[in-house]
Amino acid sequence: MNRPRHIAIIMDGNGRWATKRGMQRIRGHERGAEVVREITTYCANHPEVEVLTLYAFSTENWKRPKMEVDFLMKLLDRWLAKELETYQKQNVRFEVIGDISKFSPKLQDRIKKTKELTKDNTRLTQVLALNYGGRDEIVRACKKACAAGVEIDEENFEAFLDANLGDVDMMIRTGGDQRISNFLLWRAAYAELFFTKTLWPDFMPTELESMIEEFKKRERRFGAV
Ligand code: FPP
């Protein structure tokens, strides 16, 4: 049976969730951050999930109004400060992919410290994709390989990506759109795709559980017959 070792999620719909309730979009991000915790806890207690990668800020998200970008940065900083205790309690290792050099020194420092303090945790790796774009990651990986004088091939390429996470088994997108939006392009080559109309702030572990059940029933051929 298929094993959902690596689950990746495009968390879409925060803004619409808030607007529907007559609230500012940023309130949707706030609620979205709580859902990140709930889904991470579910995955940390799932016997087969090892990696959970979440698209938290794309290379395109800088185009949003400054107020929203500033809020997301502050939310992330506050959230990581608070989340450290949860990571340690739940034995979760924190990892990041994306080019964080564009973030404030304070946020970069918070990210690096959280990674360092959780590096020996083994139950689950929670990966936040921050200032992340799949093409950007591949281009940076090629540059690293060139600089190291290494001839890349399909076997050694992942070592040059931002983190060694392995292939994605399930890629989920909430919020109703059916596209990959430049997420994890290399690792999602054989991912099973799941799309739901549920907005991210309404996404519950029970829905993830149903998707995992469906995933287990799907036939994965990896190009073979
Ligand atoms: C998409 O919703 C969501 C984002 C661009 C950011 C994701 C951020 C969070 C889930 C909260 C912060 C996360 C952490 C880890 C602290 P959207 O704003 O594009 O929604 P819309 O499509 O309805 O406008």
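Quantities reported herein were computed from a predicted structural model and do not represent experimental measurements. What's counted below: heavy atoms across the whole structure, side chains too, no hydrogens, waters or symmetry copies. Numbers for residues simply follow the sequence, beginning at 1. Just follow the structure's listing: the first ligand is 1, and inside any ligand the first atom is 1.
- Under the 6.0 Å distance and 45° angle rule, Arg218 counts as a cation-pi partner of Phe194.
- Every atom of ligand 1 with a heavy atom of Met11 under 4.0 Å away is listed here by number and element: 1 (C), 2 (O), 3 (C), 10 (C).
- Taking 4.0 Å as the cut-off between side-chain N and carboxylate O, Lys74 and Asp70 do not count as a salt-bridged pair.
- Those atoms of ligand 1 with a heavy atom of Asn61 less than 4.0 angstrom away are 5 (C).
- Checked options Glu219, Arg220, Glu214; the residue passing with Asn2 is Arg220 (criterion: side-chain contact (heavy atoms from CB on, under 4.5 Å)).
- For the pair Asp169 and Lys216, the salt-bridge criterion is not met [side-chain N within less than 4.0 Å of a carboxylate O].
- In the vicinity of Trp200, heavy-atom distances shorter than 4.0 Å reach the ligand 1 atoms 10 (C).
- Among protein heavy atoms, atom 24 (O) of ligand 1 sits closest to Arg25 NH1, 3.0 Å.
- Atom 19 (O) of ligand 1 has as its closest protein heavy atom Arg64 NH2, 2.8 Å.
- Closest protein heavy atom to atom 11 (C) of ligand 1: His29 O, 3.4 Å.
- Among Lys82, Gln126, Arg16, the residue whose heavy atom sits closest to atom 23 (O) of ligand 1 is Arg16.
- Taking the side chain as every heavy atom from C-beta outward, Asn131 and Asp136 never approach each other to under 4.5 Å.
- Residue contacts with ligand 1: Gly15 is placed with a nitrogen or oxygen under 3.5 Å of a nitrogen or oxygen of the ligand (distance criterion only).
- Protein heavy atom closest to atom 8 (C) of ligand 1, with residue, atom name and distance, is Asn14 ND2, 3.7 Å.
- Ranked by closest heavy atom to atom 16 (C) of ligand 1, the top entry among Phe203, Phe71, Trp79, Phe57 is Trp79.
- For the residue pair Arg173 and Ser181, a side-chain donor N or O sits within less than 3.5 Å of a side-chain acceptor on the partner.
- Numbered from 1 in the order shown, with element, the atoms of ligand 1 that lie under 4.0 Å from a heavy atom of Ala56 read 6 (C), 7 (C), 8 (C).
- Of all atoms in ligand 1, listed by their number and element, those nearer than 4.0 Å to a heavy atom of Leu75 are 12 (C).
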Item checked: Stepwise side-chain hydrogen bond (donor to acceptor under 3.5 Å, both in side chains) check, Gln126 with Thr40 -> CA-CA 7 Å; Gln126 183 213 60; Thr40 303; 3.1 Å; yes

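- Exactly one residue among Asn45, Val49, Asn91, Val51 makes a side-chain contact (heavy atoms from CB on, under 4.5 Å) with Leu124. That residue is Val49.
- No heavy atom of Glu30 sits closer than 4.0 Å to any atom of ligand 1.
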Note to self: The test is salt bridge (Lys or Arg N to Asp or Glu O under 4.0 Å); show your working for Glu34 and Arg37 and say whether it passes.
What the structure shows: CA-CA 5 Å; Glu34 285 169 29; Arg37 176 175 309 117; over 6 Å; no

